[in-house]
Amino acid sequence: MPRTDFGPPHYMEMLPPVIKRNYGRWKYHEILRPGVLKHVAESGEEIYSIRVGSPRLVSTDFIREVCDLADKYCDGYVRFTSRHNIEFLVTNKENIEPLIQEVRAKGWPVGGTGNCLSNMVHTQGWIHCHTPATDASGIVKAVMDELYEYFVEEKLPAKLRISLACCLNMCGAVHCSDIAILGVHRTPPRVDHELLAKVSEIPTVVASCPTGAIRPNPKLKSVEVNEERCMYCGNCFTMSPAMQIMDPENDGVSIWVGGKVSNARTAPMFSRLAIPYLPNNPPRWPEVVQAVKKLVEVWATHARKGERMGEWIERIGWETFFKLADIPFTDKHIDDFIFSVPTFRTTTQFRW
Ligand code: SF4
Ligand code: SF4
């Protein structure tokens, strides 16, 4: 296998032998129970994936424990999904039960498949990035703790995908998730003219603004912000530490609903704004947790079997959704529901 001096090794090197032998010739898969997937190849060979939730921010000790289990039951083969689930890849059927028992004994949940809530995809938050309006793993932990039952039991109408991005740059999949938690800044950047003149190139800072809100201020050898045009995205702060956007009093969280990537049954959908603002309230974010829980419960109570959140909302109409979810429709929703997407009020299909 050719190797370069950067990047990960080629993925083929990492595949379990059974997958290599049957590469591109898999016939079907089924979910035996929450967290246990069976894949069958045309040759008749099988592989089982045991899906386990992880808190994502993990210690080296945790990873060593995972690897020890993989050595014991999976010939060393284990993977992390893009939603930070661990998947133990088991070829010997006899190993499934003892593995699950050991996993549960450690307090790790088995589930996340089929009509379950899978682990949340999320971004870096306060621990890593410099532009977040909220934390990532902190909220995710609090939300997943509250929704634990939906990870380990298949009792939802359809699969549920929740995501979190800690600012509008949106490194997470918030644009297309059943429920999306999105950090929002709500005040324009505060320019530190002295610092900007020392550390930033003015044309770069001006060019960083997607709405053209920044213009040069030659007198100060700095820039100024037209606040009317600012959408608080924080992109300028990414370019210059002199454009401070963090605002502990006003930063917070918005909630979006109804997106999906899947093309099954209906076309993919973008998430739409449901709740414009909830406060940052660490360490357990009770307002956000309750809002997400309520959305899950309302959907689970009213949707038909197989209906994703967005499909259910499209069927009942957004007005009914807002009423059932007890969410006020405010002026903050208008752009999203009237102008930005031609499939809503601008067509006769819009139901309100
Ligand atoms: Fe950083 Fe924004 Fe990405 Fe969060 S979403 S990791 S704040 S760029
Ligand atoms: Fe422009 Fe975004 Fe900076 Fe506002 S926060 S000035 S919109 S780059």
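Whatever order the structure lists ligands and atoms in, that order sets their numbers, starting from 1.
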With no hydrogens and no angle check, do the side chains of Asn250 and Thr187 hold a donor and an acceptor under 3.5 Å apart? no

Heavy-atom nearest pair, Gly35 first then Val110, reads CA-CG1, 4.0 Å

Lys72 side chain near Glu102 side chain, heavy-atom distance below 4.5 Å: yes

Do Trp256 and Ser254 pass the side chain to side chain donor-acceptor pair (under 3.5 Å) test, and can you show the C-alpha distance, the side-chain angles, and the key distance before you say yes or no? CA-CA 7 Å; Trp256 302 63; Ser254 60; 2.8 Å; yes

Decide if the gap between the ring center of Trp108 and the ring center of Phe62 is smaller than 6.0 angstrom. yes

Evaluate whether atom CD1 of Ile127 has more than 12 neighbouring non-hydrogen atoms of other residues, nucleotides or ligands under 6.0 angstrom away. no

May I ask you to check whether over 12 heavy atoms, not counting those of His128, lie within 6.0 Å of atom NE2? no

For ligand 2, which atoms, with element, lie under 4.0 Å from some heavy atom of Pro210? 8 (S)

Glu149 atom CD, neighbour heavy-atom count above 12 within 6.0 Å: yes

Tell me, which protein N/O/S atoms are under 2.8 Å away from atom 1 (Fe) of ligand 1? Cys129 SG

Distance-only polar pair, side chains of Asn22 and Ser43, donor-acceptor under 3.5 Å: yes

Does Gly212 have a heavy atom less than 4.0 Å from any atom of ligand 2? no

Sorted by chain and number, protein N/O/S atoms nearer to atom 4 (Fe) of ligand 2 than 2.8 Å are Cys230 SG

Any side-chain donor paired with an acceptor under 3.5 Å for Tyr148 and Glu146? no

